[in-house]
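Take a look at the structure set out below.
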Amino acid sequence: MAKLSTDELIEAFKEMSLIELSEFVKQFEEVFDVTAAAPVAVAAAGGAAAGGEAAAEEEKDEFDVILESAGSAKIAVIKEVRALTSLGLKEAKDLVDGAPKPVLEGVKKEDAEAAKEKLEAAGATITLK
């Protein structure tokens, strides 16, 4: 059998379905008595320990806008929730009635602060996480 280059192997893997690739990995592990998941777990654990501070700073890039309460101007808050999201009237009302609930998740800091200002102007109590 001719020896395949790394590029040829990758091209062959690209043509396989996920099921075929999964079966290949299982057979590879059996034939060579190795586990493919072990190095990944070690690398992930080592990376998390070494770059813990970097990961914490990356998380600060995305915020969740949490509606704590609608306050006395519930209708205005529902209108703002609808304006900020793609929710319909019923879904927005359910979200406001079920507070505390997230209005927006994983948004940039600027967007989260803008949403907080709009919702607070409508009478809501908001928390950024």
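Since the model is a prediction, treat every value here as computed from it, not as a measurement.
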Is there a donor-acceptor contact under 3.5 Å from the side chain of [X] to the main chain of [Y]?
{"X": "Asp64", "Y": "Lys129", "value": "no"}
{"X": "Glu20", "Y": "Ser17", "value": "yes"}
{"X": "Glu8", "Y": "Ser5", "value": "yes"}
{"X": "Glu15", "Y": "Ala12", "value": "no"}

Cluster overlap [X] with [Y], hydrophobic side-chain contacts below 4.5 Å:
{"X": "Ile19", "Y": "Phe24", "answer": "no"}
{"X": "Ile66", "Y": "Val107", "answer": "no"}
{"X": "Ile10", "Y": "Met16", "answer": "no"}
{"X": "Leu67", "Y": "Ile75", "answer": "no"}

* Asked: Could Lys14 and Glu11 be called an ion pair, given the rule that one side-chain N must be under 4.0 Å from one carboxylate O?
  -> yes
* Could you list the residues that satisfy side chain to side chain contact (heavy atoms under 4.5 Å, CB included) with Ala122, not counting sequence neighbours? => Ala76, Val77, Glu80
* **Non-neighbouring partners of Asp111 that pass salt bridge (Lys or Arg N to Asp or Glu O under 4.0 Å), sequence neighbours left out** => none
First locate atom [atom1] of [X], then atom [atom2] of [Y], and finally report the distance between them rounded to the nearest 0.5 Å.
{"X": "Lys79", "Y": "Lys93", "atom1": "NZ", "atom2": "NZ", "answer": "15.0 Å"}
{"X": "Leu84", "Y": "Leu119", "atom1": "CG", "atom2": "CG", "answer": "5.0 Å"}
{"X": "Lys118", "Y": "Ile126", "atom1": "NZ", "atom2": "CD1", "answer": "12.5 Å"}
{"X": "Leu95", "Y": "Arg82", "atom1": "CG", "atom2": "CZ", "answer": "12.5 Å"}

* Which is it for Lys101 and Val96 under the side chain to side chain contact (heavy atoms under 4.5 Å, CB included) test, yes or no, and what are the steps along the way? -> CA-CA 8 Å; Lys101 285 206 172 188; Val96 171; over 6 Å; no
* **Minimal non-hydrogen separation, Leu128 against Glu113, with atom names** => CD1-CG, 4.1 Å
* Asp94 versus Leu87: any side-chain heavy-atom pair under 4.5 Å? -> no
